[in-house]
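FYI, the numbering just counts along the sequence from 1.
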Amino acid sequence: MSDPICPLCDRPIPPNAKQSEHHLVPKLKGGKGGPTVLLHQICHNEIHATLSEADLARNFSTVLALKEHPRLAKFIAWVAKRPPAYYSKTPKKRRKR
């Protein structure tokens with residue numbers, strides 16, 4: 001069986017890679033029990049460092065919408081050049097208040 005593919009960066013997620021489930025609509029905004037996607041942990045961290053829960057619920061509740069966000073698109077281009085199991089800590093929140 002092949003490794004699952006991260007829908008954000010389109011790289012495989014090997015068993016030894018840090019990974020997590022992302023609720024497309026945040027649990028705090030009514031997404032509990034809703035659809036989730038398996039992501040690399042670094043991809044998941046970048047989503048939450050870039051977007052607020054309200055923005056995620058309102059405007060970015062699909063993988064396609066996430067990929068079209070300018071900051072996330074730049075991150076995706078960068079992380080696509082890394083090995084599938086690559087992980088580093090994500091800097092503090094980048095979103096504007």
Next item on the list: Quick one: pull up CG in Leu8 and CG in Leu38 and give me the separation to the nearest 0.5 Å.
Entry: 12.0 Å

Next item on the list: Could you go through the side-chain contact (heavy atoms from CB on, under 4.5 Å) check for Lys67 and Asp10 one step at a time?
Entry: CA-CA 11 Å; Lys67 285 183 166 191; Asp10 295 319; 3.0 Å; yes

Check: What residue among His69, His48, His23 forms ring-ring contact (aromatic ring centres under 6.0 Å, His included) with Phe60?
Finding: His69

Next item on the list: Could you tell me whether Glu53 and Lys27 make a salt bridge, using a distance below 4.0 angstrom between a side-chain N and a carboxylate O?
Entry: no

Checklist line | Over all atoms of both residues, closest heavy-atom pair of Val37 and Pro7 | finding: CB-CG, 3.9 Å

Checklist line | Rounded distance [0.5 Å steps], NE2 in His22 versus CG in Asn45 | finding: 11.5 Å

Notebook entry, point to check: Out of curiosity, Ile13 CD1 to Leu39 CG, how far, rounded to the nearest 0.5 Å?
Noted result: 6.5 Å

Next item on the list: First locate atom CG of Leu72, then atom SG of Cys43, and finally report the distance between them rounded to the nearest 0.5 Å.
Entry: 9.5 Å

Next item on the list: Output yes when a side-chain donor or acceptor of Arg11 lies under 3.5 Å from a complementary backbone atom of Pro83, and no otherwise.
Entry: yes

Check: Do you know the tightest heavy-atom contact between Ile5 and Pro12?
Finding: CD1-CA, 3.7 Å

Note to self: Testing the basics here: between Cys9 and Val79, what is the closest heavy-atom pair and its distance to 0.1 Å?
What the structure shows: CB-CG1, 3.7 Å

Next item on the list: Could you grab the distance from atom NZ of Lys74 to atom CD of Glu46, nearest 0.5 Å is fine?
Entry: 10.5 Å

Check: Within the distance-only criterion (no hydrogens, no angle test), does the side chain of Lys29 pair as donor or acceptor with the backbone N or O of Asp55 below 3.5 angstrom?
Finding: no

Check: What distance separates Phe75 CZ from Ile47 CD1, expressed to the nearest 0.5 Å?
Finding: 8.5 Å

Notebook entry, point to check: Any side-chain heavy-atom pair from Leu66 and Ile76 closer than 4.5 angstrom?
Noted result: no

